[in-house]
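What follows is a short report on a single structure.
Fair warning: this is a prediction, and the values are worked out from it, not measured in the lab. Within every chain, numbering begins at 1; the chains are lettered A, B, ... in the order of the sequence lines, protein sequences first and strands thereafter.
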There are 2 protein chains.
Amino acid sequence: MQDKEITIYDLAERLNVSATTVSRGLQDHPAINKKTKKRIFDLAAELGYRSNKFASNLRKQKTNTIGVIVPRLNSLFMSSVLSGIEKIVNNAGYNLIISQSFEHESKEKTNTTTMFNSRVDGLIVSLASDTEDLSHFDTFIRKNIPIIFFDRVAESIQSTKVLIDNFKAGYKATEHLIQQGCKKILHITGNPSRNVYKDRFEGYKKALNDHHIEFDPALYISNDLTEQAIQDALVNDVLKRDTLPDGLFVTNDSSAAFALTIFKEAGLRIPEDIAIVGFNNDLISKVTEPAITTINYPGNEMGESIARILINHLDGEGDLSFTSTVLLNTELIVRGSSQRKK
Amino acid sequence: MQDKEITIYDLAERLNVSATTVSRGLQDHPAINKKTKKRIFDLAAELGYRSNKFASNLRKQKTNTIGVIVPRLNSLFMSSVLSGIEKIVNNAGYNLIISQSFEHESKEKTNTTTMFNSRVDGLIVSLASDTEDLSHFDTFIRKNIPIIFFDRVAESIQSTKVLIDNFKAGYKATEHLIQQGCKKILHITGNPSRNVYKDRFEGYKKALNDHHIEFDPALYISNDLTEQAIQDALVNDVLKRDTLPDGLFVTNDSSAAFALTIFKEAGLRIPEDIAIVGFNNDLISKVTEPAITTINYPGNEMGESIARILINHLDGEGDLSFTSTVLLNTELIVRGSSQRKK
DNA sequence: TTGTAGGCGTTATCAT
DNA sequence: ATGATAACGCCTACAA
C-alpha cells in the first residue's frame, strides 16, 4: 500500500517542463532560471519527492559512500574517531557505512566484500587483532579504490596510514614507570603482528635498555586483552610467581582496570607495590581507585585527518601525498595508579 | 585507471548465452541448467564480476538494507544490541547502515532523512535524549516503511517497541536501597520525556511509597548524565546541603562511577555513608572500588528480538503483531557499592 | 535557458 | 531451459 514514488518525470509533467530541467533544478544547476528552480523545489517538497540514489549512482558510477571497518565500536577512542570522520565526510557530501570485525579476520573479510559490492568510493580500516592475510584488500587495490588504514595499519600495503607514534608512546609509558622506581615492569599487550602492539613493545624495550634494565622475557605477555585473558595471565601465572613485578604497562585501559582490580583483590597496593600505566585515556581509566595513568590518544583529531585526506584524494586534490604516513601526537597523563613521588 | 566493470552482458557474450540466463544463473534460479550455472559462476569469478547493487535495487525497488539510528555507540549495551541485530539481519541477507544522533534531535533528523533517501526497507531507532518533535518519522509512516523503536521509544507512534520494564527495574533498584537501610535516596536521571527515565522514576517513586517513604523533590535531579553534569549536580549542589542523601540511584553506570569517585573524594564511604545503584551493567561498573550494583540489561537478546521482528515483518510473516510491545527481563546485580548487610 | 535522446546494469514478463 | 524486450529513475552530451 505504499504511495507511488514521485520521480522527476512526475514533477516535470506537472510543471510543464522537461525532466532534464527538473533534474538540473534540483541540483541547483546555474543555467536554470531562479523562478523555475523555486517552482521545482516547492512542488518536490509538496509531493514528497526524494531523489533515487540507485538511479543516480547507477548513472554516475559513483556512490558518494565511504566504508569504515573497525574492530569494535565500544571504546571512547573508536567513537571519537568515528565522530571525527563522520563530521568531515558529511560536510563533504559523503555517506558512511560502518561495520565491525569484532576482532576477527573472517568477519573483516566478509565486511570488506560487502563494502566492495556496495561500491564504496573509499575504505577506512583499522585491522582486526588476528588478521594475518591481507588479500581481501586486493580487490580494492586492483580497482584503485583508495584505502586508508588507521591505528592498526597494514604495513605491507601501500596507502595512507594515520596513526600515533606507538614506539614513542610505549617508550614514554615505560620510562615513566622507571622514573617512579620500577625495575621489574610487566608488559601485557596484544597480538605482536599488529603494528600498534609491536611498536609499543619496541618502545618498552628501548626504554628499559636506555635505563640499563635488562629485558626479561618472562615479563612480556601477549594475549587478546579480554577480561578473561587478563584474569588468566595474572591469577594463574603472574601472581603465582616468586618475585612479583613492581610495575605494569598494559596496552589498553580496560585491561589496566581489570588488572588493577585483580591486584587489589590479591592484597597488593597500587601504586606502592605495583605501579600501573594503561593506554587510550578511556573513560574507565578515570574512575578506578586509584585512577589509571594512561596515554591520551587523539581520536577526534585522528578521525578528522583521515577523512580529510581521503576526501581530498577522492575529489582529485592532494593526490601526491596519498601514500604517506601521518603521525599524531600523544601525551602521558599521570594519575594515581603510577605516581609514587610528588 | 580503473578496470572496466564486468557486467552480465560481458559474461553473456563470452558464454554465448543471453544476459537473462546469466542473471538467472547467478541467482541460482531453478530453471537453469546446472552446467550452465557452473560455467557462469566460473567465468564470473575469473573475471572478477560483481553484481551492481544499484541497478538491482533500482529494478527491484527494494534495497535489502536496514537503517539503525542510536544515540551513541560507546556503551557495552549499545554494542551488544548492534551485534545482536547484525547477526540476525546478516543471516537474513540484509545489510545494515548505522548512524549516531549523538543525543541531538537535529542530528537524528538529518540521519533519518539520509536513511529515508537511502531507501532503507526498515528502520530501527533509539531516540536521542532531547528529541521532542517526532515529525521526521512521518515520511516513513506515510510510506509504510516499518520502524521499530527500542529502549528509548516514541510512545505516540504506532509501531513495535522492544524494551525492558523500566518501571520494574527502577522499582527493584530503589527497593534494594531501601532494604539496605537507605531513607534519603537521591535519584539522578536523564530527560524525563524519554520513557526510560520517566518509567524508572515512576518505579522509584512507587517503591518509596510502598515503603512509606515520602518522595522529596529535592532528591530528584534530571540532567544529561554527562560527566560534567554529574559533577555540577553533586559538587555545586548535593554536597553543599545540610543533610546528605544516604543512597543514590542513577540511571547509567558511567554516571554512577563518576558519582562514586566524587563522593569518595569528598570523604564519604561507599556504601556505608551512601549506597549506590547504577544501570546497564556496563564494563565500568565492575572496576570501580567498590564495584557498582547495577541493573543488567540484555543487549544482545534485545538486538536479536528487534531484528527478528523486523525481518519477519519485511518477509511478510508475523504481520499481525507488528505494533506490539516486547518487554525483556532485567535483573539486579548486587555488588559492593550498595551491600551493607550480608 | 530549456529540451531530446540514450544509456547506466539489472530483472520481470512474456515468449519460445 | 533459454531469450528478447522493456522498464526501473537519473544524468549528460548534444541540440535548439
Side-chain angles (χ1 to χ4, degrees), chain A residues 2-41 43-44 47-65 93 95 116-121 143, chain B residues 2-41 43-44 47-65 93 95 116-121 143:
Chain A
Q2 299 211 178
D3 290 12
K4 177 90 180 54
E5 285 288 342
I6 307 292
T7 72
I8 51 173
Y9 288 98
D10 300 321
L11 299 181
E13 193 179 348
R14 302 213 196 192
L15 293 170
N16 279 315
V17 295
S18 76
T20 308
T21 301
V22 174
S23 171
R24 286 185 179 133
L26 255 11
Q27 292 165 83
D28 211 19
H29 187 114
I32 300 290
N33 188 304
K34 274 206 174 178
K35 278 196 181 169
T36 317
K37 271 184 200 164
K38 178 150 175 29
R39 288 173 60 220
I40 294 172
F41 275 112
L43 185 66
L47 299 186
Y49 165 81
R50 54 174 173 171
S51 146
N52 187 318
K53 277 197 183 168
F54 304 107
S56 170
N57 288 340
L58 176 59
R59 177 61 232 244
K60 287 192 301 192
Q61 303 285 62
K62 193 182 185 237
T63 62
N64 263 50
T65 297
N95 283 118
F116 186 69
N117 289 334
S118 304
R119 287 166 203 244
V120 294
D121 293 331
K143 282 241 187 316
Chain B
Q2 299 209 180
D3 289 13
K4 177 88 180 56
E5 286 287 342
I6 306 293
T7 73
I8 50 173
Y9 285 99
D10 299 322
L11 300 180
E13 194 180 346
R14 301 212 195 191
L15 293 170
N16 278 316
V17 294
S18 76
T20 309
T21 302
V22 174
S23 173
R24 285 183 181 133
L26 254 11
Q27 293 165 82
D28 211 16
H29 188 113
I32 300 291
N33 188 306
K34 276 207 173 178
K35 277 196 180 167
T36 316
K37 272 184 199 164
K38 179 150 176 27
R39 287 175 59 223
I40 294 172
F41 276 112
L43 185 65
L47 299 185
Y49 165 82
R50 53 174 172 170
S51 142
N52 187 319
K53 276 198 184 166
F54 304 107
S56 171
N57 288 339
L58 175 59
R59 180 62 237 237
K60 285 192 300 190
Q61 302 287 62
K62 197 185 182 234
T63 63
N64 263 49
T65 298
N95 284 118
F116 185 68
N117 289 334
S118 303
R119 289 171 145 80
V120 295
D121 293 331
K143 282 242 188 319

Handout entry: Flag if over 12 foreign heavy atoms under 6.0 Å of NZ, K62(B)
Key =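 Buried by this count: over 12 neighbours within 6.0 Å.
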Practice task
Scan side-chain atoms only and decide if K53(A) and N95(A) contain a donor-acceptor pair under the 3.5 Å cut-off.
Solution key: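 Their side chains do contain a donor-acceptor pair, which is all the 3.5 Å distance test asks for.
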Handout entry: T21(B) side chain to S18(B) side chain, donor-acceptor N/O pair below 3.5 angstrom
Key =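 Per modelled atom types, T21(B) and S18(B) side chains form a pair under 3.5 Å.
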Handout entry: Upstream residue (5' side of DNA chain C) when Y9(A) and H29(A) are each assigned their closest nucleotide
Key =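 Upstream on the strand: H29(A).
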Exercise for the section: Report the residue (R24(A) or K60(B)) whose heavy-atom-nearest nucleotide on DNA chain C is the more 5′ of the two. Expected result: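 Its nucleotide being nearer the 5' end, the pick is R24(A).
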Practice task
Taking all non-hydrogen atoms of both residues into account, name the closest pair between I40(A) and G25(A) and its distance.
Solution key: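 Heavy-atom minimum between the residues: CD1-CA, 4.0 Å.
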[atom1]-[atom2] distance between [X] and [Y], expressed to the nearest 0.5 angstrom:
X      : Y      : atom1 : atom2 : result
Q27(A) : S56(A) : CD    : OG    : 7.5 Å
D10(B) : E5(B)  : CG    : CD    : 10.0 Å
L58(A) : R59(B) : CG    : CZ    : 13.0 Å

Roughly, in whole Å, what's the span from [atom1] in [X] to [atom2] in [N]?
X      : N       : atom1 : atom2 : answer
I40(A) : dC11(D) : CD1   : P     : 12 Å
L26(B) : dT2(D)  : CG    : C1'   : 15 Å
R59(B) : dG9(D)  : CZ    : P     : 10 Å
E13(B) : dA4(D)  : CD    : P     : 13 Å
I8(A)  : dC11(D) : CD1   : C1'   : 8 Å
D10(A) : dC10(D) : CG    : C1'   : 13 Å

Give [X] one of three labels, base, sugar-phosphate or nothing, depending on what nucleic acid heavy atoms sit under 4.0 Å from its own.
X      : answer
S23(B) : base
N16(B) : sugar-phosphate
F54(B) : nothing

Practice task
Considering only heavy atoms of chain B and a distance under 4.0 Å, specify the first and last nucleotide of DNA chain C in 5' to 3' order that meet this criterion.
Solution key: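 So the contact region on DNA chain C extends dG9(C) to dC14(C).
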Practice task
Answer yes or no: does a side-chain N or O of T21(B) lie under 4.0 Å from OP1 or OP2 of dG3(D)?
Solution key: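 Yes, T21(B) has a side-chain N/O under 4.0 Å of OP1/OP2 on dG3(D).
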Practice task
State whether F54(A) and R119(B) meet the cation-pi test: NZ (Lys) or CZ (Arg) under 6.0 Å from the six-membered ring centroid, and within 45° of the perpendicular axis.
Solution key: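 Because its charged atom misses either the 6.0 Å distance or the 45° angle limit, R119(B) does not stack over F54(A).
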Practice task
Kindly indicate whether the side chain of T20(B) and the base of dA4(D) share any N or O donor-acceptor pair separated by less than 3.5 Å?
Solution key: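 It does, because a donor-acceptor pair links the side chain of T20(B) to the base of dA4(D) below 3.5 Å.
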Problem - Terminal helix-axis angle for the helix from dT1(C)-dA16(D) to dT16(C)-dA1(D), with five pairs defining each axis and rounding to 10 degrees - result: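 So the angle between the two local helix axes works out to 30°.
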Problem - First encountered from the 5' end of DNA chain D, between I32(B) and L58(B) - result: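 That would be I32(B).
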Exercise for the section: Report yes if some heavy atom in the side chain of R50(A) is under 4.5 Å from a heavy atom in the side chain of K143(B); otherwise report no. Expected result: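 Side chain of R50(A) against side chain of K143(B), heavy atoms only: contact under 4.5 Å found.
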